[in-house]
Undergrad: 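Here you go, one structure.
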Amino acid sequence: MANILVIEDEKLLLEVISKKLALSGMNPISCSGGEEALDCLEKLSVMPDVIWLDYHLKGMDGLVFLEAIKKNKKWEKIPVVVVSNSASSDEVHHMLALGINKYILKAEYRLDQIVEAIKEFISSETNNEKSIGG
């Protein structure tokens, strides 16, 4: 079962995303902000398979969160999928330069489509690791 760290500051949306991921056979780890997510990463014994990151967060925005995880050797390789309603093309390019694996514009997809994209991403990452590692 894939572990997904979900970072979303809208409480109701976080609950809906987490429920949808669980119903899809994944294990969501819900965080309502960047600071909480960093604390959570510190405490986890097994790193998540992917981080679902909302770009616009209260307090610490997605860019600051990305910079923080990329500075930590234990976290820098965790794939990050940014799911957001708006980011300028400069912000998206900056996030890509920081190593995000995918950017999904929330407004263009239904939640079930985004969950399916996350599942496909994890599946392709797992297959890549198997073919690289033998």
Undergrad: Counting C-beta onward and ignoring hydrogens, is there a side-chain heavy-atom pair between Glu42 and Trp75 closer than 4.5 Å?
TA: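 Yes, close enough: below the 4.5 Å cut-off.
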Undergrad: Quick one: CG on Asn27 to CG on Leu21, what's the gap to the nearest 0.5 Å?
TA: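 Between Asn27 CG and Leu21 CG, I get 9.5 Å after rounding to 0.5 Å.
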Undergrad: Can you check whether Met26 reaches Val115 side chain to side chain, under 4.5 Å on heavy atoms?
TA: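 With C-beta onward as the side chain, the pair touches.
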Undergrad: To check you understand the geometry: which heavy-atom pair defines the closest contact between Gly62 and Leu57, and what is its length?
TA: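 Taking Gly62 first and Leu57 second, the nearest heavy atoms are N-CD1, 4.4 Å.
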Undergrad: Counting only pairs under 3.5 Å, give me each side-chain donor-acceptor contact of residues 29-40, with atom names and distances, residues two or more places apart or in other chains.
TA:
| residue | atom | partner | partner atom | Å |
| --- | --- | --- | --- | --- |
| Ser30 | OG | Ser18 | OG | 2.5 |
| Ser32 | OG | Glu36 | OE1 | 2.7 |
| Glu36 | OE1 | Ser32 | N | 3.0 |

Undergrad: If you define the side chain from C-beta out and look only at heavy atoms, does anything of Tyr55 sit under 4.5 Å from Asn85?
TA: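 Side-chain contact under 4.5 Å: no.
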Undergrad: I'd like to check the salt bridge (Lys or Arg N to Asp or Glu O under 4.0 Å) partners of Lys73; sequence neighbours left out, ordered by chain and number.
TA: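 For Lys73 the salt bridge (Lys or Arg N to Asp or Glu O under 4.0 Å) partners, ignoring immediate neighbours, are Glu76.
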Undergrad: Taking side chain as C-beta onward, heavy atoms only, is Ile17 less than 4.5 Å from Ile4?
TA: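 They are not in side-chain contact.
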Undergrad: Working to the nearest 0.5 Å, report the span between CE of Met95 and CD1 of Ile100.
TA: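 Result: 5.0 Å between the selected atoms.
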Undergrad: Using every non-hydrogen atom in the two residues, find where Ile122 and Ala2 come nearest and quote the distance to one decimal.
TA: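 Minimum heavy-atom contact is CD1-CB, 3.8 Å.
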Undergrad: What's the separation between atom CD1 in Ile7 and atom CG in Leu41, rounded to the nearest 0.5 Å?
TA: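 Between Ile7 CD1 and Leu41 CG, I get 7.0 Å after rounding to 0.5 Å.
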Undergrad: With heavy-atom distances below 4.5 Å as the criterion, would you say the side chains of Val80 and Phe65 are in contact?
TA: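 Of all side-chain heavy-atom pairs linking Phe65 with Val80, none is under 4.5 Å.
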Undergrad: Going by side-chain hydrogen bond (donor to acceptor under 3.5 Å, both in side chains), name the residues that satisfy it together with Asn72, two or more places apart in sequence or in a different chain.
TA: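 Asn72 satisfies side-chain hydrogen bond (donor to acceptor under 3.5 Å, both in side chains) with no residue once adjacent residues are dropped.
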Undergrad: Going by salt bridge (Lys or Arg N to Asp or Glu O under 4.0 Å), name the residues that satisfy it together with Lys58, two or more places apart in sequence or in a different chain.
TA: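 Lys58 satisfies salt bridge (Lys or Arg N to Asp or Glu O under 4.0 Å) with Asp9 once adjacent residues are dropped.
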Undergrad: Looking at NZ of Lys20 and CD1 of Ile114, how far apart are the two atoms once the value is rounded to the nearest 0.5 Å?
TA: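 So the gap between those two atoms works out to 11.0 Å.
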Undergrad: Going from CG on Asp61 to CG on Asp54, what distance comes out if it is rounded to the nearest 0.5 angstrom?
TA: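 The CG atom of Asp61 sits 10.0 Å away from the CG atom of Asp54.
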Undergrad: Glu67: what forms a salt bridge (Lys or Arg N to Asp or Glu O under 4.0 Å) with it, not counting sequence neighbours?
TA: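 In terms of salt bridge (Lys or Arg N to Asp or Glu O under 4.0 Å), with neighbours along the sequence ignored, Glu67 is linked to no residue.
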Undergrad: I need the Leu98 CG to Lys71 NZ distance, nearest 0.5 Å.
TA: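 Reported value, rounded in 0.5 Å steps: 10.0 Å.
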Undergrad: Can Lys19 and Glu15 be said to form a salt bridge (charged side-chain N to carboxylate O under 4.0 Å, His left out), step by step?
TA: CA-CA 6 Å; Lys19 188 172 189 172; Glu15 289 173 13; over 6 Å; no
Undergrad: Applying side chain to side chain donor-acceptor pair (under 3.5 Å), which residue pairs with at least one partner in residues 104-121 are found, sequence neighbours left out?
TA: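 Counting only pairs at least two positions apart or across chains, the side chain to side chain donor-acceptor pair (under 3.5 Å) contacts touching residues 104-121 are Glu8-Lys106, Arg110-Asp112.
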